[in-house]
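Atoms considered below: every heavy atom in the structure, side chains included; atoms not considered: hydrogens, waters and symmetry mates.
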Amino acid sequence: MLEFSLALTLCFIVLFEVTYLCFEEYRKRSYPAGRKGVILPPGSLGLPIVGETLDFARKKVNFFREKHLRYGRIFKTHLFGKPLIRVYGAENVSRIILGENTIVQSSYPRSIKALMGPNGLIQSQGHTHKTRKAILMKFLSKEFLENHIPAFRQAIIRRIKLWCERSCVDIYKESRLLFVELSVRFLIDINVTEEHILGIKNELDIITENLFVLPIYFPGFGYYKAFEAKRRLKALLYQILQNMGKSSKSQQSVLEAYGTCIERDANLKVNNELLDSIFELLFTGSESISTAGFTLMYMLAKYPNIMKNIRESLTTQQELPESPSFAKTEMTYIDAVVKETLRILPPVGGAFRTILQDFELEGYTLPKGWSVAFSIRETHHNDTHIQNPMTFDPKRWLTSDEHVHYSYIPFGGGKRICPGQAYSKTLLKIMVTQLARCCHIDIVQDGELDLWPSPRPKSTILAHFSLTRMLNQRI
Ligand code: HEM
């Protein structure tokens, strides 16, 4: 009898959910139709509820490419249960970025929101977002980073030495390990053990692999695996934070900043909110930068002339990355290599927003309640302000004035601009400098790249690192 009532209740819940989804679907699809003057962007909303998600899952990046080729810079579709408008191009992107909190609001797919939890920066809005971000930006600023440059440099050199001792190296995997290590040491504690770093990296890997999945919390499903990995990771962080306190004051600062910001107990008492925030920072702080580290190493190995140019461009001053001038703003050849790699292979392909009120782009209405995504990758590859966009040419940033606002946006812009921009550029520059000064990189096993959700090898890419000069040597 009990089983029968349970089954009946379950049926009722499922029926209710399906009816609700159908109603929501109908409401969203029909919302703008029939209203005078409303012209929706071209494209198709596909099947009810699933929309065009299945087609997208099959084609990934080619899905967007094909649609943009067919419809131009703006089209409508229906992905992950929501109608979506996708745009690219400096003018469209700037309208969306600058419209934060007025016409649009930052939003992430449901699976990411649930994983990150409500306590972090990415889900906060308005005043809370502004305060948290200001504090974080201060501790990730160039000035603050300069104190840490010698420590970063040592950690990078140590990894490069290990790569040179091996016959070949999986550059994607090693880049992840390097940047997870740097994030953990910088954001949490310099003294974290190698074993803990490996543990954190393994859990982050599971989360990354299961980020864009159906939100089904049941053993065996990707969503469940990601949540379990987050639970284990938080337990690991708890252990590390409990044992902390012996590390240097400057190393505690990022943590302190976040702790204060969420009104943590003054003497480093670890609570769930703090763990969620540290988790978000660790995740965002190692995900995109390790992709950038991988693509940079790949480009350096693929284009030996770029390595040669970097070596030639290194003056004695620039060879010492711990010198303050390293973090200055003038464009050097190394800056240009980093910048061009982030342009041609942006680690974050685009960003999502929820539309708060109807507005127009290119003569089309973007209706309230729908999602809009601006594409960073398509803007970098197709924007008319950039000449020969598919050519990898770092020199373009030295010789011409190609930078038109919002045609180059690897870190986004406006209120939601990436707070890790200075941190990432500094670390990537140190890595490139050390590699160019002391190493020769040969690809031993090449392969194609997948661009969704971020650039990564379809199958393992192996490289051989050989020392051409002693690391750690100042000349
Ligand atoms: C090459 C490396 C990186 C790239 C290309 C990158 C890219 C981006 C982009 C495009 C956004 C904006 C998303 C949007 O507009 O919705 C963003 C946001 C964010 N990034 Fe990064 N990121 C990188 C490294 C980092 C690092 C190292 C950290 C942390 C230390 C970090 C933390 C964040 C956070 C917390 C946000 C959300 C900001 C907000 O909502 O206000 N990122 N990132």
Side-chain angles (χ1 to χ4, degrees), residues 17-57 59 61-110 112-113 125-126 349-379 382-385 405-407 409 412-416:
E17 274 284 312
V18 171
T19 316
Y20 175 75
L21 281 175
C22 289
F23 174 72
E24 269 293 290
E25 175 81 4
Y26 172 76
R27 195 179 60 79
K28 280 185 182 145
R29 280 174 189 250
S30 58
Y31 168 74
R35 279 184 43 203
K36 234 180 161 188
V38 168
I39 306 170
L40 290 176
S44 157
L45 293 181
L47 298 168
I49 299 175
V50 285
E52 297 194 296
T53 311
L54 299 177
D55 202 21
F56 167 72
K59 297 183 182 161
V61 164
N62 284 335
F63 173 86
F64 296 130
R65 269 199 201 128
E66 284 170 17
K67 297 264 181 190
H68 279 304
L69 265 176
R70 189 159 162 202
Y71 301 118
R73 297 193 299 183
I74 178 166
F75 71 84
K76 71 169 180 292
T77 178
H78 191 292
L79 296 178
F80 307 116
K82 240 185 148 183
L84 169 77
I85 291 169
R86 199 172 193 268
V87 307
Y88 77 80
E91 293 77 12
N92 291 339
V93 169
S94 68
R95 188 83 197 286
I96 292 166
I97 282 179
L98 298 176
E100 181 73 19
N101 292 341
T102 53
I103 51 174
V104 295
Q105 192 160 64
S106 169
S107 76
Y108 287 79
R110 211 184 316 166
I112 298 186
K113 278 205 282 203
Q125 305 285 354
F352 292 89
R353 300 286 186 267
T354 294
I355 301 170
L356 297 178
Q357 62 175 59
D358 288 12
F359 69 99
E360 280 199 8
L361 272 187
E362 301 202 1
Y364 299 112
T365 302
L366 281 75
K368 180 180 169 182
W370 285 32
S371 291
V372 58
F374 62 86
S375 171
I376 296 175
R377 189 176 41 250
E378 257 90 25
T379 300
N382 298 299
D383 197 89
T384 44
H385 299 108
H405 235 37
Y406 299 106
S407 58
I409 39 159
K415 292 190 174 104
R416 291 282 168 179

Notebook entry, point to check: Is there side-chain contact between Lys415 and Asn101, with at least one heavy-atom pair below 4.5 Å?
Noted result: yes

Check: What is the distance from atom OG1 of Thr365 to atom CD of Glu360, rounded to the nearest 0.5 Å?
Finding: 4.5 Å

Margin query: Quick check for you: to the nearest 0.5 Å, what is the distance between Glu378 atom CD and Ile376 atom CD1?
Written below: 11.0 Å

Checklist line | Exercise: identify the closest heavy-atom pair between Thr379 and Tyr406 | finding: CG2-O, 3.6 Å

Next item on the list: For Ser106 and Gln125, work out which heavy atoms get closest and say how close.
Entry: O-NE2, 3.4 Å

Item checked: Side-chain touch Leu84/Trp370, heavy atoms, less than 4.5 angstrom -> no

Next item on the list: Could I get the full list of side-chain hydrogen bond (donor to acceptor under 3.5 Å, both in side chains) partners for Ser107, not counting sequence neighbours?
Entry: Thr354

Check: Any side-chain heavy atom of Phe75 within less than 4.5 Å of one from Arg70?
Finding: no

Margin query: For Lys82 versus Gly369, what's the shortest heavy-atom pair and its separation?
Written below: CE-O, 3.7 Å

Donor-acceptor pairs under 3.5 angstrom involving side-chain atoms of residues 39-46: please list them, not counting sequence neighbours.
unit_1	atom_1	unit_2	atom_2	d
Ser44	OG	Gly46	N	2.9

Check: Sequence neighbours excluded, which residues qualify as ring-ring contact (aromatic ring centres under 6.0 Å, His included) partners of Phe374?
Finding: none

Check: Pairs in or reaching into residues 39-55: which pass salt bridge (charged side-chain N to carboxylate O under 4.0 Å, His left out), with residues at least two apart or in two chains?
Finding: Glu52-Lys67, Asp55-Arg58, Asp55-Lys59

Margin query: Is it the case that the side chains of Arg65 and Asn62 hold a donor-acceptor pair, with the cut-off being a distance below 3.5 Å and no angle test?
Written below: yes

Margin query: Let me confirm one number: the NZ-OH distance from Lys76 to Tyr71, rounded to the nearest 0.5 Å.
Written below: 7.5 Å

Notebook entry, point to check: Considering all heavy atoms of both residues, which atom of Asp383 and which atom of Ala90 are nearest to each other, and what is their separation?
Noted result: OD1-N, 2.8 Å

Notebook entry, point to check: Asp358 side chain to Lys368 main-chain N or O, any donor-acceptor pair under 3.5 Å?
Noted result: yes

Checklist line | Pair Thr102-Gln357, side chain to side chain contact (heavy atoms under 4.5 Å, CB included): steps then yes or no | finding: CA-CA 8 Å; Thr102 53; Gln357 62 175 59; 5.9 Å; no

Check: Quick one: does His68's side chain get under 4.5 Å of Arg86's, heavy atoms only?
Finding: yes

Notebook entry, point to check: Nearest heavy-atom pair of Ile49 and His78: which atoms, and what distance?
Noted result: O-CE1, 3.2 Å

Next item on the list: Would you check if Ile85 and Tyr364 make a side-chain contact, meaning some heavy-atom pair closer than 4.5 Å?
Entry: no

Next item on the list: Mind checking side-chain hydrogen bond (donor to acceptor under 3.5 Å, both in side chains) for Arg353 and listing every partner two or more places apart, or none if nothing turns up?
Entry: Glu100

Next item on the list: Would you name the heavy atoms of Arg95 and Leu361 that are closest together and state the gap between them?
Entry: CG-CD2, 3.7 Å

Notebook entry, point to check: Testing Ile103, Ile96, Val372 for side chain to side chain contact (heavy atoms under 4.5 Å, CB included) with Ile355, which one passes?
Noted result: Val372

Item checked: From Thr53 atom OG1 to Leu47 atom CG, the distance as rounded to the nearest 0.5 Å -> 9.0 Å

Margin query: I'd like to check the ring-ring contact (aromatic ring centres under 6.0 Å, His included) partners of Phe56; sequence neighbours left out, ordered by chain and number.
Written below: Phe63, Phe64, Phe80, Trp452

